[in-house]
Novice: 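Could you have a look at this structure, given as C-alpha cells, before my questions?
Index from 1, following the sequence. Note that the structure is a prediction, hence the values are computed from the model and not measured.
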Amino acid sequence: MASENIKRVKSSEIELKDRLVEVRRVTKVTKGGRAFGFSAVVVVGNENGVVGHGLGKAKEATSAIEKAIDDAKKNLIKVPLQSGTVPHEQEGRFGGAHVFLKPASHGTGVIAGGAMRAVLESVGIIDVLAKSKGSSNPANVVKATIEALTQMRDANTIARQRGVSLDTVYNG
C-alpha cells in the first residue's frame, strides 16, 4: 500500500541542498594486507517537501560523498507537509531501526537526533516530535525515517481514496 503513495520527483526540476549524515572508513582484509575505503550516507532535499537519501562507496572520502549525492538525487520522494509539521503520527522500520514521528505545535522545533534530524530538516519540517528506537546505525535510521515519510498522507489524499468529502474526513 505504501508503494502507491510514493511520488517520485526529478532532481533537475528543483534546487537541492545536501547534508552529510555519516562518513565511515571501511576495511577489506585481503591476503596482501588491508585495503581501506570510505562509505558515505547523504540526505538531499529542497526544504519544501522533497527529500532523498543515498549511499556512496569509494577509495577516497570525497569521491564517496559525490557518489552518495548522485545516488540521493535518484531517490527523491515528495512528502505532504501540514503547516511545517507532519500530517499525522507514523512509524517507520528498516532493518533494526524503528522511528516514530508525531506532529508538534508551532514553535516546538525539530525534536530529533542525528540522522533523523538531517532527513526531517532536509524535507522542510520545522516542528516535529521524533523518537528513534532500536538500531542507531545512521544508514538504517535514515531509511526508516524515509519509510515513515513515504507513508504520510494528507487530508485531501485520504478523502480522495475514500471517495468522501474533506468535511467527512475531519468530522468523522
Novice: Could you tell me the separation between the CD atom of Glu89 and the NZ atom of Lys102, rounded to the nearest 0.5 Å?
Specialist: 5.5 Å

Novice: Do Val50 and Ile69 belong to the same hydrophobic cluster, where Ile, Leu, Val, Met, Phe, Trp and Tyr are linked whenever their side-chain heavy atoms lie under 4.5 Å apart, directly or via other members?
Specialist: yes

Novice: So do Val128 and Ile111 actually touch side chain to side chain, heavy atoms under 4.5 Å?
Specialist: no

Novice: Counting distance only, does the side-chain N/O of His88 pair as donor-acceptor with the main-chain N or O of Pro103 below 3.5 Å?
Specialist: no

Novice: Mind running side chain to side chain contact (heavy atoms under 4.5 Å, CB included) on Lys133 and Phe100 for me, showing each step along the way?
Specialist: CA-CA 8 Å; Lys133 302 175 270 188; Phe100 177 72; 4.3 Å; yes

Novice: Flag the pair Val44 / Leu76 as yes when at least one side-chain heavy-atom distance between them is below 4.5 Å, and no otherwise.
Specialist: yes

Novice: Hydrophobic clusters here meaning ILVMFWY residues chained together by side-chain heavy-atom distances under 4.5 Å, can you tell me if Leu55 and Val26 are in one?
Specialist: no

Novice: Minimum heavy-atom separation for Gln82 to Pro87, with atom names?
Specialist: OE1-CA, 3.3 Å

Novice: Could you check whether any side-chain heavy atom of Val23 comes within less than 4.5 Å of a side-chain heavy atom of Ile65, counting everything from C-beta outward?
Specialist: yes

Novice: Donor-acceptor check, side chain of Asp127 to backbone of Gly107, threshold 3.5 angstrom: yes or no?
Specialist: yes

Novice: Minimum heavy-atom separation for Ala97 to Ala144, with atom names?
Specialist: O-CB, 3.9 Å

Novice: Tell me every residue that passes side chain to side chain donor-acceptor pair (under 3.5 Å) with Arg19, counting only those two or more places apart in sequence or in another chain.
Specialist: Glu47, Glu121, Ser122

Novice: Any chance you could measure His98, atom NE2, to Ser135, atom OG, to the nearest 0.5 Å?
Specialist: 8.5 Å

Novice: Are the side chain of Lys59 and the backbone of Gly37 linked by a donor-acceptor contact shorter than 3.5 Å?
Specialist: no

Novice: Tell me whether Arg24 forms a cation-pi arrangement with Phe38, defined as NZ or CZ under 6.0 Å from the six-membered ring centre and within 45 degrees of its axis.
Specialist: no

Novice: Quick check: closest heavy atoms across Val141 and Met116, and the distance to 0.1 Å?
Specialist: CG1-CG, 3.5 Å

Novice: I'd like to know if Val79 and Val110 are part of one continuous hydrophobic network [Ile/Leu/Val/Met/Phe/Trp/Tyr, side-chain heavy atoms within less than 4.5 Å].
Specialist: yes

Novice: Of all heavy-atom pairs between Gln90 and Ala148, which one has the smallest distance, and what is that distance?
Specialist: CG-O, 3.3 Å

Novice: Can you tell which of Thr85, Leu149, Ile125, Leu129 makes a side chain to side chain contact (heavy atoms under 4.5 Å, CB included) with Leu101?
Specialist: Leu149

Novice: Got a sec, which residues hit side chain to side chain contact (heavy atoms under 4.5 Å, CB included) with Ile146, two or more places apart in sequence or on another chain?
Specialist: Val51, His53, Ile77, Val119, Val142, Thr150

Novice: Roughly how far apart are Lys78 NZ and Met152 CE, rounded to 0.5 Å?
Specialist: 14.0 Å

Novice: How close do Lys57 and Lys67 get, heavy atom to heavy atom, and via which atoms?
Specialist: O-NZ, 3.2 Å

Novice: When you measure from the side chain of Arg117 to the backbone of Ala112, do you find a donor-acceptor pair of N or O atoms at a distance under 3.5 Å?
Specialist: yes

Novice: Please check if Val99 and Leu81 belong to a single hydrophobic cluster, counting links between Ile, Leu, Val, Met, Phe, Trp and Tyr side chain heavy atoms closer than 4.5 Å.
Specialist: yes

Novice: Can you name the closest pair of heavy atoms from Val42 and Ala68 and give their distance?
Specialist: CG2-CB, 3.5 Å

Novice: Examine distances only and state if a side-chain atom of Asn75 and a backbone atom of Asp71 form a donor-acceptor pair shorter than 3.5 Å.
Specialist: yes

